[in-house]
Amino acid sequence: MTKAALRTLYKQKRLALTAAKKDKLEDLILIQFQQLPISFPDVVMTYAPIQKLAEYNPVLIEEYCIFKNPATRLVYPVANFTNNTLQAFEVEPDTYFDVNSYGIDEPIDGTPLAPTDIDMMLVPLLTFNEQGYRVGYGKGFYDKFIAQCKQNIILIGISFFEPAIIDDVHYLDEKLDFCITPNRIYAF
Ligand SMILES: Nc1nc2c(c(=O)[nH]1)N(C=O)[C@@H](CNc1ccc(C(=O)N[C@@H](CCC(=O)O)C(=O)O)cc1)CN2
Ligand SMILES: Nc1ncnc2c1ncn2[C@@H]1O[C@H](COP(=O)(O)OP(=O)(O)OP(=O)(O)O)[C@@H](O)[C@H]1O
């Protein structure tokens with residue numbers, strides 16, 4: 001399917017999950033994440049989920065990263081919807097967040113961080129394919145941002161559903177290193 005058709009389908013599939021089903025899938029995803037064959041680096045970019053789009057909430061994964069590596073530093077994206085770019089901000093436990101016009105909690109007094117300082121990134125997505133390419137909301141925020149990160153950054157997608165076939169992968173699309181589903185880890 002095209003990315004446009006996949007966006008519509010996977011938004012519907014996510015929104016159709018009951019709270020109980022979503023809770024169960026989130027537990028299974030955490031269990032899979034805990035099997036990842038990596039050592040946990042210091043600087044981890046995560047995201048605050050968009051509730052109205054039923055995104056996966058990575059909070060338990062963040063806690064697991066801190067448990068495995070107490071030196072973990074958490075970073076969140078702040079989106080500029082004028083030019084569809086992201087900026088990374090490191091947060092502390094007392095950092096304030098404010099909800100932006102798209103319903104995303106963003107840090108308002110974090111410390112700006114260069115994309116090259118990020119070691120690992122949890123990348124939001126709607127779906128992905130067996131080759132490690134993802135479909136997001138179609139504004140290219142993450143593709144552009146990942147292009148500025150270091151070569152050996154670990155990119156991890158998380159999906160409630162198994163992979164799809166994407167007919168229109170673009171040459172600028174960035175490939176994930178792993179995608180976690182409730183059933184297994186895909187390594188690319
Ligand atoms: N949690 C989270 N944060 C993120 C992203 C993300 O995918 N998830 N982004 C990843 O890029 C950036 C923001 N990109 C976004 C792109 C579209 C929409 C959105 O609400 N799209 C609606 C249509 C809204 C409209 O056009 O009025 C939709 O897709 O239904 C939200 C965020 C940065 N922060
Ligand atoms: N490295 C890049 N530099 C400039 N433009 C880019 C880059 N990568 C992607 N784009 C542009 O961004 C637009 C959206 O890309 P795409 O459809 O892959 O978004 P997406 O991955 O679904 O969304 P997102 O990254 O926002 O979650 C496309 O028009 C694409 O040309």
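Worth saying up front: this structure is predicted, and the values here are computed from it rather than measured. Just follow the structure's listing: the first ligand is 1, and inside any ligand the first atom is 1.
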Under 4.0 Å from a heavy atom of [X]: give me the atoms of ligand 2 that qualify, with their elements.
X      : result
Asp173 : 18 (O)
Tyr137 : 22 (O), 23 (O), 27 (O)
Leu172 : 2 (C), 6 (C), 7 (C), 8 (N)

Less than 4.0 Å between [atom] and some protein heavy atom, yes or no?
atom                    : answer
atom 4 (C) of ligand 2  : yes
atom 11 (C) of ligand 2 : no
atom 29 (O) of ligand 2 : no
atom 21 (N) of ligand 1 : no
atom 2 (C) of ligand 1  : yes

Nearest-contact summary for [atom] - protein heavy atom, Å:
atom                    : value
atom 17 (C) of ligand 1 : Tyr137 CB, 3.6 Å
atom 22 (O) of ligand 2 : Gly136 N, 2.7 Å
atom 8 (N) of ligand 1  : Glu55 OE2, 2.9 Å
atom 9 (N) of ligand 1  : Tyr142 CE1, 3.6 Å
atom 27 (O) of ligand 2 : Arg134 NH2, 2.7 Å
atom 26 (O) of ligand 1 : Lys139 NZ, 3.9 Å
atom 24 (P) of ligand 2 : Gly140 N, 3.6 Å
atom 25 (O) of ligand 2 : Tyr142 N, 3.0 Å
atom 33 (C) of ligand 1 : Leu86 CD2, 3.4 Å

Worksheet entry | Donor-acceptor pair, side chain of Glu55 and main chain of Gln51, under 3.5 angstrom | no

Item to complete: Could you tell me if the ring centre of Phe67 sits under 6.0 Å from that of Phe40?
Response: no

Worksheet entry | Centroid separation Phe81 to Phe141 less than 6.0 Å | yes

Output the distance between atom [atom1] ([X]) and atom [atom2] ([Y]), rounded to the nearest 0.5 Å.
X      : Y      : atom1 : atom2 : result
Met120 : Cys65  : CE    : SG    : 4.0 Å
Lys22  : Asn57  : NZ    : CG    : 7.0 Å
Arg134 : Asn129 : CZ    : CG    : 12.0 Å
Glu106 : Gln87  : CD    : CD    : 10.5 Å
Leu28  : Leu25  : CG    : CG    : 6.5 Å

Fill in: Arg184 to Tyr186 six-membered ring, cation-pi geometry met (6.0 Å, 45°)
yes

Worksheet item: Can a cation-pi geometry be assigned to Lys13 and Phe161, taking NZ or CZ under 6.0 Å from the six-membered ring centre and within 45° of the ring axis?
Response: yes

Item to complete: Heavy-atom distances under 4.0 Å are what count here, so tell me which part of Lys11 touches ligand 1: side chain, backbone, both or neither.
Response: side chain

Enumerated ligand 1 atoms positioned under 4.0 Å from heavy atoms of [X]:
X      : value
Pro124 : 6 (C), 7 (O), 8 (N)
Ile104 : 3 (N), 4 (C), 13 (C), 32 (C), 34 (N)
Tyr47  : 1 (N)

Nearest neighbour of [atom] from the list [options], on a heavy-atom basis:
atom                    : options                : value
atom 1 (N) of ligand 2  : Asp143, Ile166, Val123 : Asp143
atom 31 (C) of ligand 1 : Phe145, Tyr102, Tyr56  : Tyr102
atom 6 (C) of ligand 2  : His170, Lys144, Arg7   : Lys144

Practice prompt. Ignoring hydrogens and angles, state whether a donor on the side chain of Glu90 or Thr111 is under 3.5 Å from an acceptor on the partner side chain.
Written response: no

Worksheet item: Would you say the side chains of Asn183 and Thr181 form a donor-acceptor pair under 3.5 Å?
Response: no

Worksheet item: Out of Phe97, Phe89, Tyr96, which residue meets the ring pair (Phe, Tyr, Trp, His ring centres under 6.0 Å) rule with Tyr76?
Response: Phe97

Worksheet item: Is any N or O atom of Gly138, backbone or side chain, closer than 3.5 Å to an N or O atom of ligand 2?
Response: yes

Worksheet entry | Check ion pair Arg73-Asp119 (N to O, under 4.0 angstrom) | no

Worksheet item: Between Asp173 and Lys3, does a salt bridge (Lys or Arg N to Asp or Glu O under 4.0 Å) hold up when you go through it step by step?
Response: CA-CA 12 Å; Asp173 290 347; Lys3 287 185 188 175; 2.6 Å; yes

Worksheet entry | Nearest non-hydrogen partners of Ile61 and Leu122, listed with the distance | CG2-CD1, 3.8 Å

Fill in: Residue portion contacting ligand 2 (non-hydrogen atoms closer than 4.0 Å) for Glu174
neither

Worksheet item: Is ligand 1 less than 4.0 angstrom away from at least one heavy atom of Ala48?
Response: yes

